[in-house]
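In what follows, a structure is listed as structure tokens, so that the remarks can point back to it.
Throughout, residue positions are numbered sequentially from 1 according to the sequence presented.
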Amino acid sequence: MAKYSVHQQPVETLLSWIKSGDIAIPEIQRPFVWKASKVRDLIDSLYQGYPVGYIITWRNPDVKLKNGELSAGKKVLIDGQQRITALTAAIVGQRVLNKNYKEINIRIAFNPLTEAFEVLNKAKERSPEWINNINPIVNDEISITKAIRQYLKDNPEADEDLIEDRIENLKKIKSKQVGIIELDASLDIDTVTEIFIRINQKGVVLSNADFVMSKIASDEQHGGNKMRKMVDYFCRLLVDKSFHKHIVDNDTNFTESNYYKAIKWIATGSDDLYCPDYIDMLRVAFTFKFSRGKFSDLVALLSGRNFETRTYENEIAAASYNKLSEGLEAFVNQTNYQRFVMILKSTGLISRKLISSQNSLNFAYALYLKLRDEEMSEPEIQGYVKRWLILSIFIGRYSGSAESRIDEDIKQINEKGIAAYLLQMEQAHLGEGFWDFGLINDLESSSVNNNAYTLYLAAQVNSNAVAFLSKSMTITSLIEQRGDVHHIFPKQYLIANGFPQKAYNQVANFVYTEQATNIKVGKMPPAEYLTKIETQINEGINEISTIDTKDALEENITVNDIPSFVKEATHQDYTSFLEERRKLMSKKLKEYYESL
């Protein structure tokens, strides 16, 4: 049996499928990542008759209904979403979302004299040689005769036959052929992914989350299309509150649904610490309600897959859609969401720049929803969720093979309970060797996105530590206000003494401090600026630091986990300084974890 068929369809037919709902294209409602110039190139290739690649579709499996009949599945777009979106933007005139969830128009201009296409700009708009927007001509909004007549009026010296020929060619873009690869409905997801990779010859891995979004976008029987809207709208409202008016004004069908009632609070909410995308939402809901981690299982379940009989049954599909709906509604529930954000903040993770693993957040939220669903007490829930979250970030639990790890962890928690499994993970990963060697080794890094370093900052926030050389300004305030990160051994001082970038930018050389202090310290080595500060304290002057007693200075150095010998340190002591500070930072991190 053929695994797929290859055929050609005109652009016009492809767009008609989209309008009629015969093909499910979830990407159109999500951010469009192509640059406008790439849209121009696509239109130019169609005009010239050049190949534009293949669109890959996969027909949903035929589902067995209660009466024994089979329902015909819709086509699901597997690859080519950006090209389809580009065509609907340039030809149909549909507005698209940019990466900031703002609606924009992409207008492509055409010069019949040179047969050139360009993204419309002010210069092209003012030039009579350019047709400002190809959309009305290609999309049959104005006749060719009218377009030619208008162009010749604006360019009276142009050759009429030439202009007529080229505008007619522009019109023919809709009849240009696009390759369609239709994958057989009987194929499983792994096979579909393998075919996709081989056809593209780029080694691109398909996202099973996109399979899920395609599935629910194409489903009307179980309300999947509205569920899909809830996911998209929630993600968008998190970053663009003004979009709420658009929903109310233009999607009354959705606003009458329970899904809208579940998410409308976010339009006035101020939470932006945990900003999930559609994959994150699906991952949490799926892990919580299905106790699984592999999206391929969810696609199969939404298709009605009976894993024992290897058939597709409507009852299984209906039950799976219902469970996913319950999971997503639990995700967007205002109480759940805001309490989870409060848990994040209580760990010291008060800023998105401190969060190095989105999948750790996702699993922690799924765990929170699970324990809450089991009616565990709130204090217990908070303790387990916080410790699991921080442990998973410490060990990079979900940095690779995330789906398999999530699948394993949720099943182990179901089998053993969270208390026993968490203890097992701590004993396996957070023994003395981790704190005395592993973590210290992790801190030997010049990356501020290092898990150990970001958790160190969270630990400082959690203990309400004051900034380096500051009397009262906290590290929390500086992180929230984007305060300066200061080199304890100033960068220019180390450069002057032959240290390369990787050495002077070690995270163990970083502290948060006030900008004025950072500027005053300048290029001075620690021995020099700390001696000056002590002298100024004796003289009652606060020129470099706001600290006004020697005891407070000693305490400040201790709070920031800086070796005491820093007061006499020069560049010759820099390497041993880093080694000692890493040990102190690791000690702080151990105390932090044990306090959660």
- Any salt bridge (charged side-chain N to carboxylate O under 4.0 Å, His left out) pairs touching residues 516-540, not counting sequence neighbours? Glu534-Lys567
- Message: Could you work out, with salt bridge (charged side-chain N to carboxylate O under 4.0 Å, His left out) as the rule, every residue matching Arg352, not counting sequence neighbours?
- Response: none
Contacts under 3.5 angstrom, residues 323-331 side chains, donor-acceptor by atom type, not counting sequence neighbours:
residue : atom : partner : partner atom : Å
Lys323  : NZ   : Lys289  : O            : 3.4
Ser325  : OG   : Tyr259  : OH           : 2.7
Ser325  : OG   : Glu329  : OE2          : 3.2
Glu326  : OE1  : Lys289  : NZ           : 3.1
Glu326  : OE2  : Asn322  : ND2          : 3.4

Between side-chain atoms of residues 390-401 and protein atoms elsewhere (two or more places apart, or another chain), which donor-acceptor pairs fall under 3.5 Å?
residue : atom : partner : partner atom : Å
Ser392  : OG   : Ser360  : OG           : 3.0
Ser392  : OG   : Trp388  : O            : 3.2
Ser392  : OG   : Leu389  : O            : 2.7
Arg397  : NE   : Asp409  : OD2          : 3.1
Arg397  : NH2  : Asp409  : OD1          : 2.7
Tyr398  : OH   : Trp388  : NE1          : 3.1
Tyr398  : OH   : Asp409  : OD2          : 2.8
Ser399  : OG   : Gly396  : O            : 2.8

- Item | His429: partners by ring-ring contact (aromatic ring centres under 6.0 Å, His included), with sequence neighbours left out | none
- Go through the structure and list residues passing side-chain hydrogen bond (donor to acceptor under 3.5 Å, both in side chains) with Tyr260, not counting sequence neighbours. His244
- Item | Pair listing, side-chain hydrogen bond (donor to acceptor under 3.5 Å, both in side chains) test, anchored in residues 442-455, at least two apart | Ser356-Asn451
- Query: If we ignore angles and hydrogens, is there a donor and acceptor under 3.5 Å between the side chains of Asn414 and Tyr421?
  - Reply: no
- What do you reckon, are the aromatic ring centroids of Phe510 and His487 less than 6.0 Å apart? yes
- Task: Just grab all the salt bridge (charged side-chain N to carboxylate O under 4.0 Å, His left out) pairs involving residues 333-350, residues at least two apart or on different chains.
- Result: Arg339-Glu378
- Message: Once salt bridge (charged side-chain N to carboxylate O under 4.0 Å, His left out) is applied, do any residues pair with Asp373, and if so which ones, sequence neighbours excluded?
- Response: none
- Task: Sequence neighbours left out, what passes salt bridge (charged side-chain N to carboxylate O under 4.0 Å, His left out) with Asp251? Give chain and number order.
- Result: Lys229
- Message: Quick one: does any side-chain atom of Asp280 pair with a main-chain N or O of Asp277 as donor and acceptor, under 3.5 Å?
- Response: yes
- Name all residues meeting the salt bridge (charged side-chain N to carboxylate O under 4.0 Å, His left out) criterion together with Lys550; count only those two or more places apart in sequence or in a different chain, and write none if there are none. none
- Modelled atom types, side-chain donor and acceptor of Glu380 and Ser377, under 3.5 Å: yes
- Message: Taking the ring of Tyr504 and the ring of Tyr574, is the distance between their centroids below 6.0 Å?
- Response: no
- Note on the structure: With sequence neighbours left out, the residues meeting side chain to side chain contact (heavy atoms under 4.5 Å, CB included) with Glu580 are Pro563, Phe565, Lys583
